[in-house]
Amino acid sequence: MNTAFIELTLGSYIISHGYDSKRKEHLEHVPSDKFSKKLVAINRIKSVSEKYILTDYIDGRWIYWEYLEDYEAVKKRLQLSF
C-alpha cells in the first residue's frame with residue numbers, strides 16, 4: 001500500500017501525552033522560532049483547524065502542529081487526495 005503525503009510548513013507544536021488519574025490532559029508545548037517544510041502522511045492527519053493540524057504519532061501520542069498555509073487551501077488539497 002502506498003502512503004500519500006502532503007507538504008506543509010510547520011512550526012511550534014503541542015504533544016498530548018495522554019491523561020493523568022484525574023483525567024487532566026498532559027500537554028508538552030514545544031516552541032519554534034521558525035517554520036519549516038515537512039512531508040506529513042495524510043493517513044496520520046486526524047483534524048485541521050485554522051491554526052492547528054492534529055496528527056497521531058506511532059506510539060499513540062497526538063501532536064497539534066501550527067502551520068502557515070491557508071486553511072481553505074489545505075482543506076482543498078486534502079479533499080483532492082481522496
Side-chain angles (χ1 to χ4, degrees):
M1 179 173 108
N2 290 341
T3 301
F5 291 88
I6 184 172
E7 183 178 281
L8 297 166
T9 311
L10 304 176
S12 299
Y13 56 98
I14 302 167
I15 304 170
S16 173
H17 291 282
Y19 296 85
D20 65 16
S21 61
K22 295 181 181 175
R23 303 290 300 151
K24 180 174 172 24
E25 190 172 18
H26 176 67
L27 299 174
E28 176 185 356
H29 295 261
V30 183
S32 177
D33 311 3
K34 61 181 182 168
F35 285 78
S36 59
K37 291 191 179 286
K38 297 186 187 307
L39 289 176
V40 178
I42 290 175
N43 63 356
R44 289 187 46 212
I45 296 173
K46 302 307 172 197
S47 73
V48 179
S49 70
E50 290 183 356
K51 185 173 180 178
Y52 293 105
I53 293 187
L54 174 62
T55 62
D56 63 1
Y57 197 68
I58 205 161
D59 62 359
R61 293 179 290 171
W62 299 89
I63 302 177
Y64 299 87
W65 291 93
E66 283 187 298
Y67 67 101
L68 282 182
E69 285 79 10
D70 174 71
Y71 169 80
E72 290 297 327
V74 171
K75 182 173 122 180
K76 183 178 285 186
R77 287 171 54 199
L78 288 171
Q79 288 172 331
L80 290 174
S81 69
F82 291 103

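Everything quoted here is computed from the prediction, not taken from an experiment.
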Q) Does Arg61 come within less than 4.0 Å of Asp59, counting only side-chain N to carboxylate O? A)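 Salt bridge flag = yes for Asp59 with Arg61.
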(Q) Given 3.5 Å as the limit, does a donor-acceptor pair link the side chain of Ser12 with the main chain of Ser32, or not? (A) yes
Q: Spell out, as yes or no, whether a donor-acceptor pair under 3.5 Å connects the side chain of Lys46 to the backbone of Asn43.
A: yes
Q. Which residue pairs pass the ring pair (Phe, Tyr, Trp, His ring centres under 6.0 Å) test with at least one member in residues 35-68, sequence neighbours excluded?
A.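 Sorted result for residues 35-68: Tyr13-Trp65.
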Is it true that [X] and [Y] fall in one hydrophobic cluster, defined by side-chain heavy atoms closer than 4.5 Å?
X     : Y     : value
Ile63 : Val48 : yes
Ile14 : Ile58 : no
Leu68 : Ile45 : no

Q) Does some side-chain heavy atom of Ile53 sit less than 4.5 Å from a side-chain heavy atom of Val40? A)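 A side-chain contact under 4.5 Å is absent here.
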Q. Does any non-hydrogen side-chain atom of Glu69 lie less than 4.5 Å from one of Leu8?
A.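 Yes, at least one pair of side-chain atoms sits under 4.5 Å.
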First locate atom [atom1] of [X], then atom [atom2] of [Y], and finally report the distance between them rounded to the nearest 0.5 Å.
X     : Y     : atom1 : atom2 : value
Phe5  : Lys38 : CZ    : NZ    : 13.5 Å
Leu54 : Asp56 : CG    : CG    : 8.0 Å
Asp70 : Arg77 : CG    : CZ    : 10.5 Å
Leu80 : Lys75 : CG    : NZ    : 12.0 Å

**Q.** Closest non-hydrogen atom pair between Lys37 and Thr9, with its separation
**A.** NZ-OG1, 3.7 Å
